[in-house]
Amino acid sequence: YLANAALRYLLPIEELEEAFELLSTFVGATELLEQSKRLFFITALTQVSLGFVGINFIRQGQYRKNALIYVGDRKETARGFTRLVCVYMVTIAFPYMMQRTVMENINGYAHGAFARKIERSIRLRSVFPALNPDSTEVGATLLAAVDGSKYTMESYTDAFNSVADVAYGVVEHKLFMLPKLLFLPGMLWHRPLLVVSVLPFSVGLEVGRTKLISSLTKKLEKMSREIQELVQRRRKIEQHDTKHEELIRRGGVSAFAQAQWSELATELEGRSLRFSALHSFRAFINGLYRQDFLMPGIEIALAWLLEAGHMASVDIWVYQRVVEDSMSFLLTRFRMDASLATMRTNMDRVDDLSARLEEVTARGVADCTVNAEATALKIENLRFSRGSAREVSIPKLELHLGRVYAVTGANGSGKSTLFGLLTSCGDQATVFPAGLEVHSLDGLELPGGEVVEVGQQLYCPLFTKPLAWMVGSRNFEQLPAEELRRIESSIRSLSSALLFHHKNAREKSVDKGSNGSSNGSSNN
């Protein structure tokens with residue numbers, strides 16, 4: 001129990017558990033656990049191996065540096081030192097460089113594959129969920145969770161990736177330092193009083209530094225959140241104004257738009273400069289602490305070990321790293337204060353998206369049935385309202401197949417809301433529109449599962465060929481020739497039926513629209 005409590009105090013175990021739980025809400029606990037096990041195995045194999053290889057590299061590097069001092073003391077010639085360096089580069093440096101390059105690339109590739117795979121869970125599967133866990137067919141979109149948020153999907157994804165990267169970085173770093181930590185028991189055995197006295201003194205200095213850095217970090221995190229919100233707001237304003245540049249130009253409101261852009265730019269510049277100054281101040285304190293306080297304390301301990309003959313001069317760099325890594329391990333939580341604070345901020349942002357997704361999903365769908373043998377769409381005792389609009393009541397309604405019906409009414413009377421309720425039925429059911437409350441519904445029966453709403457404005461995807469959008473396949477060019485000919489024939493037939501290519505199509509469409517308005521009242 002005490003060991004577990006000590007580890008939880010020294011290491012950010014609770015933060016890692018919270019990060020895993022948060023990421024699993026998007027990835028799935030089982031899938032995330034399997035992916036994490038595979039990545040941990042590869043990381044442990046590479047980082048622990050590199051840690052052991054690195055010890056010999058550090059020793060040989062210290063031996064080379066000592067030889068340079070011997071040249072100054074006339075104990076070694078420059079020619080002999082040159083020969084030693086050449087041998088070092090061929091037999092030590094180059095093999096280590098190749099080993100580390102290959103193994104780090106293998107580890108990096110495994111981590112990259114893991115990161116990209118779990119990223120798809122938030123960037124794709126969270127807003128385009130499958131119809132059911134065992135299906136690859138996409139159901140209704142949940143993009144409404146991002147609409148209206150002060151963050152973009154890119155911002156949510158960056159926060160998600162940052163949480164995963166920080167959590168992985170903690171584990172990777174500890175695995176790499178593990179071989180050097182194995183030297184600590186030997187130091188304790190030979191000089192227990194020295195180690196016990198040096199470490200607490202260094203820990204005391206670290207605690208003082210941490211309190212100051214923690215205070216600065218909190219201010220920096222607060223400023224960072226404010227800057228990110230301003231950046232997101234500026235991006236949305238710029239995109240909105242760019243899209244409606246003609247309205248700005250023709251409306252004579254360029255001065256107002258320019259003032260808004262200038263006000264945001266000035267505020268963002270001021271906050272960014274203050275953030276940069278405070279960030280540099282924190283980095284300056286950290287640098288002075290390591291150079292003028294931490295390293296001299298470690299050198300005192302090494303001097304006593306050298307005098308007692310418990311280590312050779314070639315081991316100076318190794319034992320220096322042992323002490324540093326030991327302190328780093330004991331003070332992981334304190335030294336990671338900035339990273340953990342940033343991770344907490346990003347976790348809050350990802351949690352915000354999770355809450356929004358739950359809110360959109362909770363809107364629900366209509367309780368309806370699909371009867372293939374039915375000859376009409378039937379509604380019984382439907383009462384609903386949306387927002388502050390008045391309640392709409394439909395006691396009984398039947399819309400028969402093969403007929404065209406017109407639904408008329410003033411703005412806000414519930415026409416679009418009714419269509420939104422109907423599209424929540426069928427094979428591609430969507431969630432209710434925001435604010436819709438169904439007070440009663442005794443029956444809603446559809447004669448088929450294909451419910452399609454054709455709005456006044458059609459969605460047109462970016463960077464997509466019109467034919468690919470019409471066919472519904474981004475890889476339509478790879479379809480069989482027979483299938484392409486069938487699609488072409490269908491498009492030509494539909495275009496002809498809609499008079500797209502008739503020379504008087506516009507006039508006939510206008511005439512039909514005029515006639516339809518006079519006859520449509522009988523179908524209301």
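We count residues from 1, following the sequence as given.
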Heavy-atom check, side chain of Tyr156 versus side chain of Arg356, under 4.5 Å: yes

Lys236 atom NZ, neighbour heavy-atom count above 12 within 6.0 Å: yes

Option among Val163, Thr342, Leu23 that satisfies the side-chain contact (heavy atoms from CB on, under 4.5 Å) test with Met347: Val163

Point-to-point distance, once rounded to the nearest 0.5 Å, from CD of Glu15 to OG of Ser339: 11.5 Å

Geometric class of the His240/His244 ring pair [parallel <30°, tilted 30-60°, perpendicular >60°]: tilted

Aromatic Phe432 / basic Arg363 pairing, under 6.0 angstrom, 45° off normal: no

Atom OH of Tyr63: over 12 foreign heavy atoms under 6.0 Å: no

N-O pairing of Arg38 and Glu34 below 4.0 Å: no

Aromatic plane relationship, Tyr96 with Phe57 - under 30° parallel, 30 to 60° tilted, over 60° perpendicular: parallel

Reported CD-to-CD distance for the pair Gln60 and Gln62, which is rounded to 0.5 angstrom: 11.0 Å

Steps toward side chain to side chain donor-acceptor pair (under 3.5 Å) verdict (Thr332, Lys174): CA-CA 9 Å; Thr332 298; Lys174 300 310 172 193; 2.8 Å; yes

Salt bridge flag under 4.0 Å for residues Arg116 and Glu119: yes

Side-chain (Ser272) to main-chain (Leu268) donor-acceptor, under 3.5 angstrom: yes

Within-4.5 Å side-chain heavy-atom neighbours: Thr152 and Val146: no

His173 side, atom NE2; Phe329 side, atom CZ - distance, nearest 0.5 Å: 11.0 Å

Gap separating the OG1 atom of Thr25 from the CD atom of Glu358, nearest 0.5 angstrom: 8.0 Å

Residues, nucleotides or ligands: over 12 heavy atoms within 6.0 Å of Glu21 CD: no

Value rounded to 0.5 Å, distance of CD1 in Ile69 from CD in Glu76: 12.5 Å

Side-chain heavy-atom pair Phe114, Ile42 within 4.5 angstrom cut-off: no

Enclosure of Met97 CE (heavy-atom neighbours >12, cutoff 6.0 Å): yes

Atom CZ of Phe275 with >12 non-hydrogen neighbours under 6.0 angstrom: yes

Minimum side-chain heavy-atom gap Met153-Thr157 below 4.5 Å: yes

Validation row: Arg344, Leu340 side chains within 4.5 angstrom (heavy atoms): no

Check against side chain to side chain donor-acceptor pair (under 3.5 Å), Glu172 and Thr43: CA-CA 7 Å; Glu172 182 189 36; Thr43 302; 6.0 Å; no

Arg386 with Glu437: basic N within carboxylate O range, under 4.0 Å: no

Asp348 backbone acceptor or donor facing Asp352 side chain under 3.5 Å: no

Backbone of Phe20 reached by a side-chain donor or acceptor of Ser24 within 3.5 Å: yes

Student check: side-chain heavy atoms of His279 and Leu216 closer than 4.5 Å: no

Glu359 atom CD, over 12 foreign heavy atoms within 6.0 Å: no

Geometric class of the Tyr168/His111 ring pair [parallel <30°, tilted 30-60°, perpendicular >60°]: parallel

Note: Glu154-Arg123 ion pair, threshold 4.0 Å (strictly below): yes

Euclidean distance, Phe81 CZ relative to Leu84 CG, rounded to 0.5 Å: 7.0 Å

Student check: side-chain heavy atoms of Cys425 and Val365 closer than 4.5 Å: no

